[in-house]
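Please read these numbers as outputs of a predicted model, since none were measured by experiment. Just the heavy atoms: all of them, side chains too, but no hydrogens, waters or symmetry mates, feed the values below.
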Amino acid sequence: MKNLYIILIVFTLLSSCQTKKKEANDNVEKPTSQKTSKRSVEANLLISHELPKIEIAVDEEFNFIGKFDFEIIASSDEYSKEMQGKPVAAGERYVFASIDENRSIDKLFIVQFEGFLNENNLIYNYDFSNADFIGNNKYRHNTWFYDSKKAALENPTGEGAKTRAFLEKKGYILEDEFMMSRFVGLASKDRKNEIIIFYHEMLNKTTGHTLEKFQNSISDEETRSIRNSFIKRSQNSFKITKG
């Protein structure tokens, strides 16, 4: 009987130890998605381990603000009737900003990783025959001078609208009218994935012009000068160190 009592005590102690060990394991911090992400930002170096594998050094005038995920819903004529209203692509945006002492944004630098969903057969069918190399890959380039706030109101689910909301929620101030320089590259051989690098400046803060004046009231020579110097600044705002 005495031996049975001792066995019961030992069993109780072992069970207690096992329970405490399990509780301790349950209290260990689980790795977050940021720690296990295929992408990260370290001291203004954006590192992507896949789709594509690339490292982008962003100019020191920018601060990393954060990143957000997004979906693209089929809503235009480029998608079939069966796809309308359904998600067709998804991705994430990494947002950097140059900000003054009043939390007003002077410039934005954004890298967008995007891919069509596996359940569709869509691809990014761009022509890169006239595109230039940046790093090891070709990138198509173009510029826009546009009303960002108006575009966001017209397409509230778009990436531009989500970016404005993302920044304004953090207390940053944006002008309505932007200048944008965009670099588009493929991120996979099957053309299911792309990478887009955006460089924005606030139009009025940079040039002193409204969009209406820029488009209608200044000379072609001044327009060309503004555009060319803007493109040069966009090219100097980053460097692809790998990929």
Side-chain angles (χ1 to χ4, degrees), residues 44 46 54 56-63 65 76 78 93-100 102 104-114 124-155 158-164 167-168 172-187 194-241 243:
N44 270 33
L46 172 55
I54 195 171
I56 304 172
V58 183
D59 192 90
E60 292 182 356
E61 73 171 308
F62 293 93
N63 295 314
I65 304 301
S76 64
E78 62 186 305
R93 274 193 163 199
Y94 286 77
V95 182
F96 299 76
S98 174
I99 307 155
D100 69 17
N102 298 316
S104 180
I105 290 177
D106 298 322
K107 303 175 184 179
L108 287 170
F109 183 88
I110 300 168
V111 182
Q112 177 166 313
F113 299 92
E114 180 188 315
Y124 297 99
N125 195 25
Y126 303 126
D127 178 7
F128 286 88
S129 58
N130 295 319
D132 294 324
F133 276 95
I134 307 177
N136 298 330
N137 296 305
K138 282 189 170 185
Y139 288 80
R140 291 166 55 95
H141 176 259
N142 45 27
T143 58
W144 276 279
F145 293 66
Y146 68 108
D147 189 325
S148 169
K149 186 174 182 179
K150 181 181 178 181
L153 292 172
E154 291 174 348
N155 183 16
E159 302 96 290
K162 289 178 179 178
T163 301
R164 289 190 70 94
L167 291 165
E168 289 171 349
Y172 297 110
I173 301 166
L174 291 158
E175 285 187 10
D176 293 350
E177 297 173 345
F178 285 11
M179 303 191 290
M180 179 174 72
S181 179
R182 187 182 77 161
F183 305 84
V184 182
L186 292 174
E194 69 174 356
I195 177 173
I196 312 176
I197 299 170
F198 298 91
Y199 174 87
H200 300 268
E201 291 183 8
M202 306 298 103
L203 176 60
N204 186 260
K205 187 175 286 190
T206 298
T207 68
H209 298 317
T210 63
L211 182 62
E212 192 279 332
K213 184 178 179 182
F214 177 81
Q215 291 176 334
N216 302 303
S217 302
I218 64 175
S219 67
D220 291 343
E221 183 180 357
E222 185 179 356
T223 299
R224 189 162 47 251
S225 176
I226 289 172
R227 189 184 302 274
N228 289 342
S229 59
F230 170 61
I231 291 171
K232 189 67 175 178
R233 289 192 299 275
S234 75
Q235 292 168 336
N236 293 334
S237 67
F238 70 100
K239 183 178 181 180
I240 295 178
T241 57

Could you measure the distance from the [atom1] atom of [X] to the [atom2] atom of [Y]? Nearest 0.5 Å is fine.
X: F214; Y: E222; atom1: CZ; atom2: CD; result: 8.5 Å
X: E168; Y: K149; atom1: CD; atom2: NZ; result: 7.5 Å
X: N102; Y: D100; atom1: CG; atom2: CG; result: 5.0 Å
X: M179; Y: H200; atom1: CE; atom2: NE2; result: 11.5 Å
X: S98; Y: L108; atom1: OG; atom2: CG; result: 9.0 Å
X: D147; Y: D176; atom1: CG; atom2: CG; result: 5.5 Å

Practice task
Examine the side chains of S129 and D127 and answer whether a donor and an acceptor come within less than 3.5 Å of each other.
Solution key: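 There is such a pair (donor and acceptor under 3.5 Å, judged by atom type) between the side chains of S129 and D127.
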
Exercise for the section: Could you tell me whether the side chains of H141 and Q235 share a donor-acceptor contact shorter than 3.5 Å? Expected result: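 No, because no side-chain N or O of H141 sits under 3.5 Å from a partner of the opposite role on Q235.
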
Within-4.5 Å side-chain heavy-atom neighbours: [X] and [Y]:
X: L186; Y: N137; answer: no
X: R227; Y: R224; answer: no
X: N236; Y: D59; answer: no
X: I195; Y: I56; answer: yes
X: N204; Y: E177; answer: no
X: F230; Y: T206; answer: no
X: F145; Y: H209; answer: no

Practice task
With V184 as reference, evaluate Y139, Y126, Y124 under the side-chain contact (heavy atoms from CB on, under 4.5 Å) test and give the passing residue.
Solution key: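 Among the candidates, only Y126 passes.
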
Taking the side chain from [X] and the backbone from [Y], do they hold a donor-acceptor pair closer than 3.5 Å?
X: T207; Y: L203; result: yes
X: D106; Y: M202; result: no
X: S234; Y: I231; result: yes

Are there over 12 heavy-atom neighbours, none belonging to [X], within less than 6.0 Å of that residue's [atom1]?
X: E78; atom1: CD; result: yes
X: K205; atom1: NZ; result: yes
X: N216; atom1: CG; result: yes

Handout entry: Closest non-hydrogen atom pair, I99 against Y172
Key =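 Here I99 and Y172 meet closest at CD1-CE2, 3.4 Å.
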
Problem - Minimum heavy-atom distance between I134 and I240, given as atom pair plus value - result: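 Shortest heavy-atom contact: CG2-CD1, 3.6 Å.
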
Handout entry: Check ion pair E201-R233 (N to O, under 4.0 angstrom)
Key =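 Yes.
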
Handout entry: Residues R93, E159: salt bridge by 4.0 Å N-O rule
Key =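 Salt bridge flag = no for E159 with R93.
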
Practice task
Identify the residue among F238, F198, Y94, F183 that makes a ring-ring contact (aromatic ring centres under 6.0 Å, His included) with F109.
Solution key: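 The residue from F238, F198, Y94, F183 that satisfies ring-ring contact (aromatic ring centres under 6.0 Å, His included) with F109 turns out to be F238.
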
